[in-house]
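In this text, all values refer to a predicted model and were calculated from it rather than measured experimentally.
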2 protein chains.
Amino acid sequence: MINFDSYLKASFTVDNVIFGFDEGDLKVLLIKRAEEPYFGYWALPGYFVYPNEDLETAAKRVLYELTGLRNVYLEQVHTFSAIDRHEFGRVITVAYFSLIKISNYALQVSSIASQAQWHSVSTIGRLGFDHNEILRGCFHRLKWLVRSRPVGFELLPPKFTLTELQHLYEAILETELDKRNFRKRFFPWDC
Amino acid sequence: MINFDSYLKASFTVDNVIFGFDEGDLKVLLIKRAEEPYFGYWALPGYFVYPNEDLETAAKRVLYELTGLRNVYLEQVHTFSAIDRHEFGRVITVAYFSLIKISNYALQVSSIASQAQWHSVSTIGRLGFDHNEILRGCFHRLKWLVRSRPVGFELLPPKFTLTELQHLYEAILETELDKRNFRKRFFPWDC
DNA sequence: CATAATTAGTGTAAAAATTACACTTTTTCT
DNA sequence: AGAAAAAGTGTAATTTTTACACTAATTATG
């Protein structure tokens with residue numbers, strides 16, 4: 001029988017890349033770290049996984065504690081495992097990304113973060129850990145996702161205009177879109 | 001400072017879904033388990049990650065020990081973390097998938113497996129652990145991959161005919177393709 | 001409530017990409 | 001030499017994509 005102790009036992013965490021949309025800008029929710037390492041840096045909200053949780057449960061828990069939201073869109077993206085990515089020990093992290101409506105809730109005071117803020121993805125500075133890389137990966141996934149299925153309902157309020165939806169798509173794809181062709185794509189039946 | 005011991009420390013494994021193509025059939029390389037759990041079952045080749053490795057290094061090591069091949073296409077697909085997926089303890093596994101040329105080498109006698117065999121993906125039975133689910137996920141990824149970029153050079157011998165390539169694509173996509181249109185897709189310039 | 005700002009609504013032509021479809025020649029293998 | 005496998009070749013119909021500009025209606029604001 002295998003002796004598990006002779007192999008790597010690592011701590012593992014989940015990190016959430018939470019996208020929102022507001023003021024015509026695609027945003028991501030960051031927390032300000034209040035402890036070492038990377039004290040004072042902005043970073044992705046994440047936490048250790050508990051023994052009785054699977055990864056998705058942990059990612060949902062982090063999201064809930066930070067935003068009070070449940071039942072939101074959540075998707076595993078990639079697992080990051082560089083040996084030195086956490087200076088206090090071997091920590092492997094699984095990145096999830098999530099899409100939520102900014103206007104829908106107020107950020108919670110939580111154990112995860114004393115300070116949480118929305119940042120435009122276009123103006124993000126140096127984040128803690130390897131979180132810039134994780135964010136890049138998730139942004140890339142979002143770009144791909146938006147091409148393969150509609151993504152408006154997750155990021156916009158219950159009622160939104162077509163123009164808002166177009167602005168969202170333009171923010172995600174970092175490009176300009178033609179209004180009439182955009183309509184055609186969403187309502188191909190009456191064109 | 002965080003006390004890591006109060007959180008879950010899990011063992012990590014990688015599992016490789018290694019696709020090959022032979023006799024007009026898409027195949028996957030399986031090993032026969034020689035120990036508990038799932039003694040005697042076919043399963044994906046995988047192993048524990050060592051403390052000085054990141055995940056990709058571990059996946060490459062497993063692939064090398066089993067096949068003797070290096071520098072092959074390898075891609076992380078998904079991380080599986082169900083609490084009870086390994087009955088001897090908490091083990092999280094990261095699935096990688098890989099594409100190799102079957103004809104190119106002989107399977108190695110290795111520490112990983114006493115018995116390794118190619119199986120047609122269309123006739124796979126019950127595998128050990130949650131490996132059927134992992135295989136499904138990787139097959140799905142392969143289908144997507146083949147639509148977004150050419151995949152022939154990884155799976156076919158150095159020289160291959162267009163017809164062979166078409167048969168490969170038909171096996172992956174589980175559909176029939178038109179020969180002339182298939183040519184057009186690969187050589188759009190001289191049509 | 002008057003005005004301004006935002007959003008809805010509408011058509012077409014050109015270009016590009018996709019699909020369906022069958023037979024002959026050349027090469028390779030035995 | 002013969003058989004089997006692969007290469008090679010064209011076109012018409014359909015569908016999809018793209019580029020492009022103005023008016024009417026609604027909503028928000030002072």
Side-chain angles (χ1 to χ4, degrees), chain A residues 19-27 99 101-104 106 118 120 122 140 142-191, chain B residues 19-27 99-106 118 120 122 140 142-191:
Chain A
F19 288 108
F21 183 67
D22 200 19
E23 299 163 352
D25 250 356
L26 185 67
K27 313 229 163 173
L99 306 173
K101 309 180 215 302
I102 290 189
S103 52
N104 235 12
W118 291 100
S120 292
S122 51
H140 187 264
L142 176 59
K143 279 188 186 178
W144 175 80
L145 184 72
V146 89
R147 285 182 191 278
S148 58
R149 67 167 190 76
V151 104
F153 296 105
E154 285 96 348
L155 283 165
L156 293 168
K159 288 188 178 182
F160 56 86
T161 64
L162 246 193
T163 309
E164 281 179 292
L165 185 65
Q166 185 180 334
H167 289 157
L168 167 62
Y169 275 53
E170 289 174 335
I172 293 175
L173 296 172
E174 298 180 299
T175 179
E176 298 212 334
L177 301 171
D178 180 84
K179 179 179 163 177
R180 312 177 78 173
N181 296 335
F182 188 77
R183 292 178 75 88
K184 268 183 241 177
R185 194 171 295 274
F186 275 84
F187 310 112
W189 48 88
D190 60 27
C191 283
Chain B
F19 289 108
F21 183 67
D22 201 21
E23 299 163 352
D25 248 359
L26 185 67
K27 313 228 164 174
L99 306 174
I100 73 174
K101 309 182 215 302
I102 291 189
S103 52
N104 235 11
Y105 74 102
W118 291 100
S120 292
S122 51
H140 188 263
L142 176 59
K143 280 187 186 180
W144 175 79
L145 184 73
V146 88
R147 284 181 191 279
S148 58
R149 67 168 191 73
V151 103
F153 295 105
E154 286 96 348
L155 283 166
L156 293 169
K159 288 188 177 182
F160 55 87
T161 65
L162 248 192
T163 307
E164 281 178 293
L165 185 66
Q166 184 180 336
H167 289 159
L168 168 61
Y169 275 53
E170 289 174 334
I172 293 175
L173 297 173
E174 298 178 300
T175 179
E176 297 213 333
L177 301 170
D178 179 84
K179 179 178 163 178
R180 312 177 79 173
N181 296 335
F182 188 78
R183 292 179 74 88
K184 268 184 240 176
R185 192 172 295 274
F186 275 84
F187 309 112
W189 49 87
D190 60 27
C191 285

Notebook entry, point to check: Tell me, do A:S120 and A:E23 make a side-chain contact under 4.5 Å, heavy atoms counted?
Noted result: no

Margin query: Rounded to whole Å, please give me the gap between CZ in A:F186 and P in C:dA8.
Written below: 13 Å

Check: Looking at B:V146 and B:K143, what are the two nearest heavy atoms and their distance?
Finding: CG1-O, 3.3 Å

Margin query: What is the distance, to the nearest angstrom, from the CG atom on B:N181 to the C1' atom on D:dG8?
Written below: 14 Å

Checklist line | Intermediate values then yes/no, side chain to side chain contact (heavy atoms under 4.5 Å, CB included), A:W118 and A:I102 | finding: CA-CA 9 Å; A:W118 291 100; A:I102 290 189; 3.7 Å; yes

Next item on the list: Could you tell me which non-hydrogen atom of B:D22 sits nearest to which non-hydrogen atom of B:K27, and how far apart they are?
Entry: O-CE, 3.6 Å

Next item on the list: Return the minimal non-hydrogen interatomic distance between B:Q166 and B:D178, and the atom names on each side.
Entry: NE2-C, 4.1 Å

Notebook entry, point to check: How many Å lie between CD on B:E176 and P on C:dA20, as a whole number?
Noted result: 12 Å

Note to self: Between A:R185 and B:D178, which residue's closest nucleotide on DNA chain D lies nearer the 5′ terminus?
What the structure shows: B:D178

Check: Looking only at N and O atoms, is any donor in the side chain of B:K184 or the base of D:dT9 less than 3.5 Å from an acceptor on the other one?
Finding: no

Checklist line | Contact pattern, 5' to 3', of nucleotides 22-30 of chain C - B, S or - by protein heavy atom under 4.0 Å | finding: B--------

Notebook entry, point to check: So which of residues 159-166 of chain B are in contact with DNA chain D, with a heavy-atom cut-off of under 4.0 Å?
Noted result: B:T161, B:L162, B:T163

Notebook entry, point to check: Could you give the CZ-to-P distance, from A:F182 to D:dT16, as a whole number of Å?
Noted result: 19 Å

Check: For the helix from C:dC1-D:dG30 to C:dT30-D:dA1, what is the angle between the axes at its two ends, each from 5 pairs, rounded to 10°?
Finding: 50°

Check: Minimum heavy-atom separation for A:Y169 to A:G152, with atom names?
Finding: OH-N, 4.2 Å

Note to self: Is there a side-chain contact between A:L26 and A:E174 in this structure, where contact means two heavy atoms from C-beta onward sitting under 4.5 Å apart?
What the structure shows: no

Check: Is the A:F21 to A:F160 ring centre distance short of 6.0 Å?
Finding: no

Notebook entry, point to check: Any side-chain heavy atom of B:T163 within less than 4.5 Å of one from B:H167?
Noted result: yes

Next item on the list: Among C:dA20, C:dT7, D:dT18, find the nucleotide with the atom closest to the side chain of A:H167.
Entry: C:dT7

Next item on the list: Could you check B:L165, B:L156, B:I172 and say which one makes a side-chain contact (heavy atoms from CB on, under 4.5 Å) with B:V151?
Entry: B:I172

Check: Of all the choices, C:dT19, C:dG11, D:dA7, which nucleotide is nearest to the side chain of B:R183 once you look at every atom?
Finding: D:dA7

Notebook entry, point to check: Does the side chain of B:L99 come within less than 4.5 Å of B:L142's, by heavy atoms?
Noted result: yes

